[in-house]
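Below, chain A is the first sequence line, B the second, and so on; all start at residue 1.
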Protein chains: 4
Amino acid sequence: MGAPAIPGVMKRGRPRSEQVERAILRAAGDLLTEHGLAAMTIEDVAARAGVAKTSIYRRWSTKGTLALDAFLADFLGSQPLPDTGNLENDLTAALRAWVRTVRGTPTGRALAELIAQAQSDPDLAVAWRERVVGPARAQHRKILEHAVARGEIPDTSDVEVLMDLLFGTAYHRLLQGHLPLTDRFVRRVVAVIVAGAKAGAAAPPTP
Amino acid sequence: MGAPAIPGVMKRGRPRSEQVERAILRAAGDLLTEHGLAAMTIEDVAARAGVAKTSIYRRWSTKGTLALDAFLADFLGSQPLPDTGNLENDLTAALRAWVRTVRGTPTGRALAELIAQAQSDPDLAVAWRERVVGPARAQHRKILEHAVARGEIPDTSDVEVLMDLLFGTAYHRLLQGHLPLTDRFVRRVVAVIVAGAKAGAAAPPTP
Amino acid sequence: MGAPAIPGVMKRGRPRSEQVERAILRAAGDLLTEHGLAAMTIEDVAARAGVAKTSIYRRWSTKGTLALDAFLADFLGSQPLPDTGNLENDLTAALRAWVRTVRGTPTGRALAELIAQAQSDPDLAVAWRERVVGPARAQHRKILEHAVARGEIPDTSDVEVLMDLLFGTAYHRLLQGHLPLTDRFVRRVVAVIVAGAKAGAAAPPTP
Amino acid sequence: MGAPAIPGVMKRGRPRSEQVERAILRAAGDLLTEHGLAAMTIEDVAARAGVAKTSIYRRWSTKGTLALDAFLADFLGSQPLPDTGNLENDLTAALRAWVRTVRGTPTGRALAELIAQAQSDPDLAVAWRERVVGPARAQHRKILEHAVARGEIPDTSDVEVLMDLLFGTAYHRLLQGHLPLTDRFVRRVVAVIVAGAKAGAAAPPTP
DNA sequence: GCGTAACCGAGACGGTACGTCCCGTCTTGAT
DNA sequence: ATCAAGACGGGACGTACCGTCTCGGTTACGC
């Protein structure tokens, strides 16, 4: 006895404080929503969390990955997985929920700034794809696969492209800011995609 | 002669050197393509152009607007306005040209980084919309309006949404990097949009 | 005209501010005498002088050389060059002046700490020898050369060794702190050196 | 057995490991000679000794006192107590031995850096005087007292001043580095001191 | 043909934040 | 009570750029 359950994983030294971790994430989240990612500095986060800078660098290598964790604490779970038995309804519900979370909110700005940051922070880019894009697409893929199972759209449909059409269009307005994310916008985007998909346009051509 | 073309705008003192302007834009463009926007500093641009920092700040207020000008020197005009008499062909040609310019190229990275920078640089955001998004959309709008004129798609179609669908989807893959910008991707995106538009899905519902 | 008097020395750019220089030296000198060299930080000097850290690093490469300049502003000139026509009197006056400046004073501590710092700061070591040790020895050498000229001590006397005996002994008590720098100490050190020198002990043996 | 030798000092808990102590001193000594005191950090010593930092702090309060112990392991005993029946010979032998140990050697640098460190580390200053200066002077005092006993120099001679003259002069060249510690230097320093002492110059004046 | 106002290069300036190093203390589980 | 390990709050480091400013020197227009 006294031996660790899993030899190689036996922890040595003082364990990292969960309290410190929480304080950092809370401070980072606050600064992110108050002033945005560009104005958020590691030094401010440390000061606000009552923590040494080293305690932050020990856990996160870049500002981006820290901001991502702070962001996900708020964002994850706010995106529902609707399943009404009708593709148009499901997609509309999913996109509407996203628009509500994002339009004119600190969350929306944080989302935009994180994507921005990922353009020059490879660590963040990887984490972003694995922890945000991946899970979100997994949810949306289910919606489309259910529609396929129900026979609403052809089973040869390119589901990935359909998802890109749905959210790519929405991200476009978020990031370019040329036009607002209205409800009518949501309805029309969904209508075109559903009509196109039902017509078999997302599937390989039949010769 | 000697009198200014526009009386109130008469210039006094030494005029700004066009040579300086060109040197700055070339240096900025080089650094942008070599190292990216995030790594481009005003100080480096000045050093590389053999120019004083003040000569840069006299002309551009932020790094972003300078980078935009350097970028547009290369980018503008590389996007054709196809007009084949067929909507699907026109959209495919337009999107294909964009993909070719952007996929795996310094231009593509610069494009992504400029959109990123615009998220935290309001000056750049405005300039971006006015000088890139606006003109590009004006071109694409023509394609769609020709299709309407030909009767290919209903004249009540929401042209703005159709454009967002086309390029939003493409920008999505560029910025998120989760999937590649293949030719098949282009064809399917266009196919869905055209099918949806022809079905009247981008138009207000008829009661 | 318009050409500089000395071509290569033509100054370009904004000249360094003498006011900044003075403020830095004053702040450094104050901190040096108040808290000592070990507790003096570049950051504190900058804050106290109301100056950016970069303005200090632009002028001094190490803390030691900065402290040296701050020290010399006070120290230089406080060491007289006595010339009474009698070697013992001259040496006594010189050593007494040094002891008075140094014993139990901030100047004494600064002196000790600068020598300490020079043990691990090669830049300072060089500057110390050139700007403090050299000039001081030049003065003391004169005293001894006058004694030689008067015939008080042999002209073959090793003047360097005699100077080392005089001040080395005094520095010893300053740095080791094992015994105080009393006036009796001064008189006896001088007496032994003068007696030894007159006896020709500092000269090469005559075979 | 098991009972403590001295009742009130009976130890509880795990005893300190002598092996740890040795490992620390060896690591400290190595780093001291390889990189010097200024570059020696507690963290490096711990890593090199394969020991926790706390195991060092448990035994030594400051870097200086640790370095002192590491230094003395090498230095002590390398300084002989000559007794040839002739003052000049004895002093020459003593000073020559010191010069040999110190000139151009890691020991010499360590010696200089320890004196340097003592200028801002009161703990080390005290230990230095008690454990280095005191014992060394006790030895040298014997040499001089023997000379007094033999009648070579007056019994009223200020032995302390004579010792300061001998080693102060040598430390001066070690610490200031302005001139080398040659053998001729040693001979002349000794010659002046002995001549001065024999002339009664280190004694109170006889009225 | 002479001012003079804006330009130009150079580089100093105050300032912010960076990411790192090391400090000396503490908290763990194991001896 | 000691040990190895390593997290912790903290302080200062020296650097990189920022955007502004102050120099001496250079145009080119308008008097």
Review point. With nearest nucleotides of DNA chain F determined for Gly13(A) and Gly13(C) from heavy-atom distances, which residue corresponds to the more 5′ nucleotide?
Key: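 Between the two, 5'-proximity favours Gly13(A).
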What pair of heavy atoms forms the shortest contact from [X] to [Y], and how long is it?
X         : Y         : answer
Gln119(B) : Ala112(A) : OE1-CB, 3.4 Å
Ala46(B)  : Ala52(B)  : CB-C, 4.3 Å
Trp128(D) : Ile115(D) : CZ2-CG1, 3.6 Å
Ile56(A)  : Val51(A)  : CG1-CG1, 4.1 Å

Taking N or O atoms only and anything under 3.5 Å, show me the protein contacts with nucleotides 8-12 of chain F, one pair per line.
unit_1 : atom_1 : unit_2   : atom_2 : d
dC8(F) : OP1    : Ser17(A) : N      : 2.9
dC8(F) : OP1    : Arg59(A) : NH2    : 2.4
dC8(F) : OP2    : Arg58(A) : NH1    : 2.9
dC8(F) : OP2    : Arg59(A) : NH2    : 2.5
dG9(F) : OP2    : Ala52(A) : N      : 3.3
dG9(F) : OP2    : Ser55(A) : OG     : 2.7

Roughly how many Å is it from [atom1] in [X] to [atom2] in [N], rounded to a whole number?
X         : N       : atom1 : atom2 : value
Ile56(C)  : dC13(E) : CD1   : P     : 11 Å
Gln19(C)  : dG14(E) : CD    : C1'   : 13 Å
Tyr57(D)  : dC22(E) : OH    : P     : 12 Å
Gln117(D) : dC23(E) : CD    : P     : 11 Å
Trp60(A)  : dG19(E) : CH2   : C1'   : 17 Å
Ile24(A)  : dA7(F)  : CD1   : P     : 13 Å

Exercise for review: Run the numbers on Asp123(D) and Thr65(D) for side chain to side chain donor-acceptor pair (under 3.5 Å), then give the verdict.
Suggested key: CA-CA 7 Å; Asp123(D) 281 8; Thr65(D) 48; over 6 Å; no
Point to revise | Those residues that, when tested against Lys63(C), pass salt bridge (charged side-chain N to carboxylate O under 4.0 Å, His left out) (two or more places apart) | key: none
Review point. Mapping Ser61(A) and Thr62(D) onto DNA chain E by nearest heavy atom, which one lands closer to the 5' end?
Key: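 Its nucleotide being nearer the 5' end, the pick is Ser61(A).
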Review point. Does Leu25(A) reach the side chain of Leu66(A), with side-chain heavy atoms less than 4.5 Å apart?
Key: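 Leu25(A) reaches Leu66(A) side chain to side chain.
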Point to revise | Flag side-chain contact, heavy atom, 4.5 Å: Leu31(A) against Leu37(A) | key: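 They are not in side-chain contact.
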Exercise for review: With axes from five pairs an end, tell me the bend angle of the helix from dG1(E)-dC31(F) to dT31(E)-dA1(F), nearest 10°.
Suggested key: 20°
**Study point:** Arg58(C), Arg16(C), Arg59(C) screened by salt bridge (Lys or Arg N to Asp or Glu O under 4.0 Å) with Glu21(C), the one that passes
**Key:** Arg59(C)
